[in-house]
Amino acid sequence: MKKLLFAVSLLCGLKMFAQKTNGLALTPPMGWNSWNTFQTKIDEKMVMEVADMFVSSGMRDAGYTYIVLDDGWMAMDRDENGNLVPDPQKFPHGIKAVADYVHSRGLKFGIYNCAGTKTCAGYPGTRGYEYNDARLYASWGVDYLKFDWCNSDGINAKEAYTTMSKALTATKRPIVFSLCEWGGNKPWEWAANVGHLWRTTGDIYNCFEGIHNQGTWNANCVMKIVDLQKDLRQYSGPGHWNDPDMLEVGNGMTEAEDRTHFSIWCMMAATLMAGNDIRSMSAATKDILTNKEMIGVDQDALGIQGYSADVKDSVEIWIKPLQNNELAVCFLNRSGTAKNFIYNWKENTVNDTLSKTSIDFSKTKYNLRDLWQKKASGTTDKPFKATIQPHDVVVLKLSR
Ligand code: GLA
């Protein structure tokens with residue numbers, strides 16, 4: 001028996017080694033990233049103000065931790081030692097000063113670069129400087145690296161990201177490694193050993209359905225991204241997450257669409273990287289981003305990516321098994337008209353082979369809690385009835 005236990009614990013240990021968790025990102029990383037709102041128009045004052053607002057608005061208390069500077073923080077050339085140089089106009093006190101400030105607010109600091117020769121916005125890329133750049137980031141106190149894929153012609157994705165992963169490990173500083181390869185080389189098949197999360201698609205845009213023409217390329221509206229995650233859920237879990245891109249909540253969609261976007265990201269156990277201007281967000285945006293019960297669904301310790309189990313009259317039924325035999329159920333009205341929705345639990349079972357969850361509601365009764373109304377909402381003994389507005393959701397947490 002002892003031998004068996006030893007063998008089992010050894011195997012568990014090996015499995016842990018096989019993934020680059022190093023104790024990080026055991027739940028999907030949460031934070032803020034500058035790109036969706038500011039693109040390259042970033043500077044130290046803005047980042048420090050965002051860090052302040054993270055504290056005063058309740059974002060930090062809701063679990064958002066990483067303040068990530070995306071593309072545009074560098075000067076156009078490396079220095080004579082090959083080191084990256086922060087743009088002296090945008091960051092006159094350097095990046096370490098910004099990282100120190102972010103840390104002083106009880107937050108963590110992230111930065112961006114690219115596996116190619118140049119970043120997507122044309123700044124110096126990391127190709128050939130992996131160990132150099134990793135050392136520099138560690139010396140600045142960087143806690144998170146987003147690593148992009150522009151200007152990477154002819155290089156092997158797995159090798160390029162593995163080199164950077166090793167360079168980060170060599171610094172001995174715990175740094176979350178976020179691969180931003182857009183899904184072309186199927187990182188979900190190989191990146192659990194390399195980083196903590198990987199983008200699964202091209203860039204998001206603040207539109208609800210379809211694509212947004214950016215001239216030379218197409219960005220994805222929120223629901224388009226959701227559809228592209230469908231076959232990937234088995235690859236995601238604690239320490240190694242599918243990343244459907246940063247949030248567009250507060251960036252121009254309707255309140256219902258923002259609520260839906262946020263809810264589905266939580267149902268998918270996605271990284272929650274706010275992408276709006278935190279300094280000027282409306283009360284409605286803040287309420288969405290800081291809904292702690294909804295965030296609890298995202299951050300559930302089991303880390304199971306939820307799925308669309310069924311569609312009834314344009315209403316998608318999303319399921320996410322949670323710890324302690326709980327379950328999140330999201331009814332998503334994807335249509336442009338309000339739906340009078342009735343869901344008879346007893347006529348519907350949950351059968352998720354991936355998480356080995358199987359529920360027969362005629363045998364087991366659950367209590368319902370509406371996570372947006374923030375109140376109890378009956379039990380599974382009676383059919384659930386609600387009018388769901390266009391592009392809106394109802395999210396219920398089911399507990400025994
Ligand atoms: C790519 C990434 C974006 C952003 C920009 C920066 O498009 O996918 O998320 O980082 O580059 O240039």
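We count ligands from 1, going down the list as the structure has it; atoms in each ligand are counted the same way. Owing to the predicted nature of the structure, the values given are computational and were not obtained by experimental measurement. For the single chain, residues carry numbers from 1 onward in sequence order.
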Under 4.0 Å from one or more heavy atoms of C180, ligand 1 contributes atoms 2 (C), 8 (O)
State the atoms of ligand 1, each with its element, that fall below the 4.0 Å cut-off from a heavy-atom position in C120.
-> 1 (C), 11 (O), 12 (O)
For W182 and ligand 1, does the shortest N/O to N/O distance drop below 3.5 Å?
-> yes
W35 N/O under 3.5 Å from ligand 1 N/O | no
Sole candidate of F91, Y101, W73, F109 that passes ring pair (Phe, Tyr, Trp, His ring centres under 6.0 Å) when paired with W140 = W73
Do D148 and Y112 get their side chains close enough for a donor-acceptor pair, meaning under 3.5 Å?
-> yes
Ligand 1 contact on [X] by region, counting heavy-atom pairs under 4.0 Å:
X: C150; value: neither
X: Q39; value: neither
X: D148; value: side chain

Quick one: does NZ or CZ of R105 land under 6.0 Å from the six-membered ring centre of F54, within 45 degrees of the ring axis?
-> no
Measure the distance from the SG of C114 to the SG of C150 and say whether it is below 2.5 Å.
-> no
Sorted by chain and number, sequence neighbours left out, side chain to side chain contact (heavy atoms under 4.5 Å, CB included) with D43 holds for K45, M46, K90
Are Y129 and Y137 grouped together when hydrophobic residues (ILVMFWY) are joined by side-chain heavy atoms under 4.5 angstrom apart?
-> no
